[in-house]
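Note that ligands are numbered from 1 as they come in the structure, with each ligand's atoms numbered from 1 the same way. A quick note: this is a predicted structure, and the numbers were derived from the prediction, not measured.
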Amino acid sequence: MRLVLVGPPGAGKGTQAEVLSRKLGVPHISTGDLFRSHISNQTELGLEVQSILDEGALVPDSITNEMVRKRLAESDATDGFLLDGFPRNVAQADKLGEFLAVDEHDLDAVLEFRVDEDVVVERLLARGRTDDKEEVIRHRQQVYRNETAPLLSYYAEKVISIDAVGEIDEISERALAALNSLRDEK
Ligand code: AMP
């Protein structure tokens with residue numbers, strides 16, 4: 001299965017992606033995790049993007065797209081993947097479409113995690129990442145509204161929306177049930 005997860009910062013995408021990746025047997029590809037790993041390993045790319053992550057801004061598309069293209073070309077992603085944090089804007093979504101079209105692949109679904117913004121600020125502050133300061137969180141939410149939320153119209157026919165408020169298990173059940181019904185329809 002080829003899936004994209006979309007949702008505002010703090011919607012629990014990363015946590016759900018871990019669970020879904022295990023249950024569906026596809027790799028969890030998080031662009032945020034890839035960037036953070038470059039930063040902690042102090043690679044050239046890591047040094048280039050560190051201040052951008054700290055501000056809560058988006059890394060330029062050219063850098064991000066190339067990193068994703070390489071990751072999707074790895075053998076574990078041939079038969080499916082779960083993308084978490086990519087695409088983050090319509091230009092990246094166009095690129096993803098191009099990457100997949102090379103092998104005549106397409107996305108199966110886009111899972112939207114719905115939560116109220118104020119609820120998630122508390123959750124994020126508790127997490128304590130370097131980009132989890134309140135003003136940076138607010139900025140990331142704004143970036144989400146302006147840049148990422150338009151993907152929901154872009155992918156309109158593929159979007160499955162899940163209520164992402166509740167216990168972790170409960171939310172994974174909702175997501176899996178929605179994906180199963182999608183599979184049954186096919
Ligand atoms: P995340 O872990 O998904 O919350 O991402 C953390 C940070 O990594 C974001 O605030 C951006 O600075 C950067 N980032 C992650 N994914 C992307 C992307 N697809 N495009 C641009 N920047 C990204």
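In this structure, S172 contributes its side chain and Q16 its backbone to no donor-acceptor pair below 3.5 Å. The backbone N or O of G10 sits nowhere less than 3.5 Å from a side-chain atom of K13 that would complete a donor-acceptor pair. Within the 3.5 Å criterion, the main-chain N or O of T43 finds no donor-acceptor partner in the side chain of N41.
Taking distance alone, with nitrogen or oxygen atoms compared against 3.5 Å, Q92 approaches ligand 1 more closely than that limit. For ligand 1, the polar-atom distance check against F35 finds no nitrogen or oxygen pair separated by under 3.5 Å.
Considering all non-hydrogen atoms of both residues, V26 and M1 come closest at CG1-O, 3.7 Å. The minimum heavy-atom distance between A109 and L179, with the atom names listed, is CB-CD2, 4.4 Å.
Residue contacts with ligand 1, taken as heavy atom pairs separated by less than 4.0 Å, do not involve E55 at all. With a heavy-atom cut-off of 4.0 Å, A57 touches ligand 1 through its backbone alone. Of all the heavy atoms of K13, none lies under 4.0 Å from any atom of ligand 1, so neither backbone nor side chain is involved.
In this structure the side chain of R114 never reaches within 4.5 angstrom of the side chain of D163, judged on heavy atoms. Counting heavy atoms from C-beta on, the side chains of L176 and L20 come closer than 4.5 Å.
Atoms of ligand 1 lying under 4.0 Å from at least one heavy atom of T31, given by number and element, are 15 (C), 16 (N), 17 (C), 19 (N).
At least one heavy atom of R129 lies less than 4.0 angstrom from ligand 1.
For atom 18 (C) of ligand 1, the nearest non-hydrogen atom from the set V59, D33, T64, D61 belongs to T64. Remark: among candidates Q50, R88, R36, the nearest residue to atom 15 (C) of ligand 1 is R88, based on non-hydrogen atoms.
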